[in-house]
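Only one structure is covered here, and it is reproduced in the block below.
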Amino acid sequence: MKSIIPQEENTCYLCDLFREYHSSVLHEHHIFYGSRHKKAEEMGLKLNLCLYHHTGDINGNEEAVHFNKEYDVMLKKIAQAIYESKYGHDQFVKEMERSWL
């Protein structure tokens with residue numbers, strides 16, 4: 001499913017948010033992972049991140065969402081708020097089995 005999260009085409013969500021630029025190479029990031037990965041895909045809860053903000057480099061990167069708990073939770077809250085604005089809180093909790101807000 002296409003992402004429900006508004007995002008400029010061909011941009012990193014976090015670069016745009018922080019007014020930065022790191023790379024034009026974008027990765028699709030599923031905001032909810034593990035057992036929630038498939039459901040996140042079905043719900044459109046994903047966005048594009050540059051390599052720097054997605055996984056960082058081989059030395060690790062505190063700005064990469066996979067290594068930064070604050071960014072990870074921030075994106076979960078943003079995704080939940082956007083989903084709930086379209087479908088409601090109860091539907092989100094029914095699908096994801098918890099709330100981050």
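The figures that follow rest on heavy atoms only: side chains count, while hydrogens, waters and symmetry mates do not.
- A 4.5 Å side-chain heavy-atom check between Tyr21 and Tyr52 finds every atom pair outside the cut-off.
- Residues passing the ring pair (Phe, Tyr, Trp, His ring centres under 6.0 Å) test with His53 are His22, sequence neighbours excluded.
- Between atom CD of residue Gln80 and atom CE of residue Met43 there is a gap of 9.0 Å, rounded to the nearest 0.5 Å.
- Here the side chains of Ile78 and Tyr13 are in contact, with some heavy-atom distance below 4.5 Å.
- For Leu26, the side-chain contact (heavy atoms from CB on, under 4.5 Å) criterion is met by Cys12, Asn48, Cys50, not counting sequence neighbours.
- Contact record, Ile82 with Ile4: CG2-O, 3.6 Å, taken as the closest heavy-atom pair.
- Applying the side chain to side chain donor-acceptor pair (under 3.5 Å) definition to pairs two or more places apart or across chains, those involving residues 85-96 are Lys39-Glu95, Glu84-His89, Gln91-Glu95.
- Remark: side-chain polar atoms of Lys76 are paired, donor with acceptor, to backbone N or O of Ile31 under 3.5 angstrom.
- For Phe18, the ring pair (Phe, Tyr, Trp, His ring centres under 6.0 Å) criterion is met by Tyr71, not counting sequence neighbours.
- In this structure, Leu75 and Phe32 have side chains that are not in contact, with every pair of non-hydrogen atoms separated by 4.5 Å or more.
- Using bins of under 30°, 30° to 60° and over 60° for the plane-to-plane angle, the ring pair His29/His54 lands in the perpendicular bin.
- By the 30° and 60° cut-offs, the orientation of the rings of His30 relative to His37 is tilted.
- With a 6.0 Å radius and a threshold of 12 heavy atoms from other residues, nucleotides or ligands, Glu8 has its CD atom at or below the threshold.
- One finds the CG atom of Leu101 at 7.0 Å from the NZ atom of Lys77 (value rounded to the nearest 0.5 Å).
- Using a distance-only test at 3.5 Å, with no hydrogens or angles considered, a donor-acceptor pair links the side chain of Gln7 to the main chain of Thr11.
- In terms of the side-chain contact (heavy atoms from CB on, under 4.5 Å) criterion, residue partners of Lys69 (sequence neighbours excluded) are, by chain and number, Asp72, Val73.
- Atom CG of residue Leu49 and atom SG of residue Cys15 lie 8.5 Å apart, to the nearest 0.5 angstrom.
- Partners of Glu28 by salt bridge (Lys or Arg N to Asp or Glu O under 4.0 Å), not counting sequence neighbours, listed by chain and number: Lys46.
- At least one side-chain heavy atom of Leu14 sits under 4.5 Å from a side-chain heavy atom of Met74.
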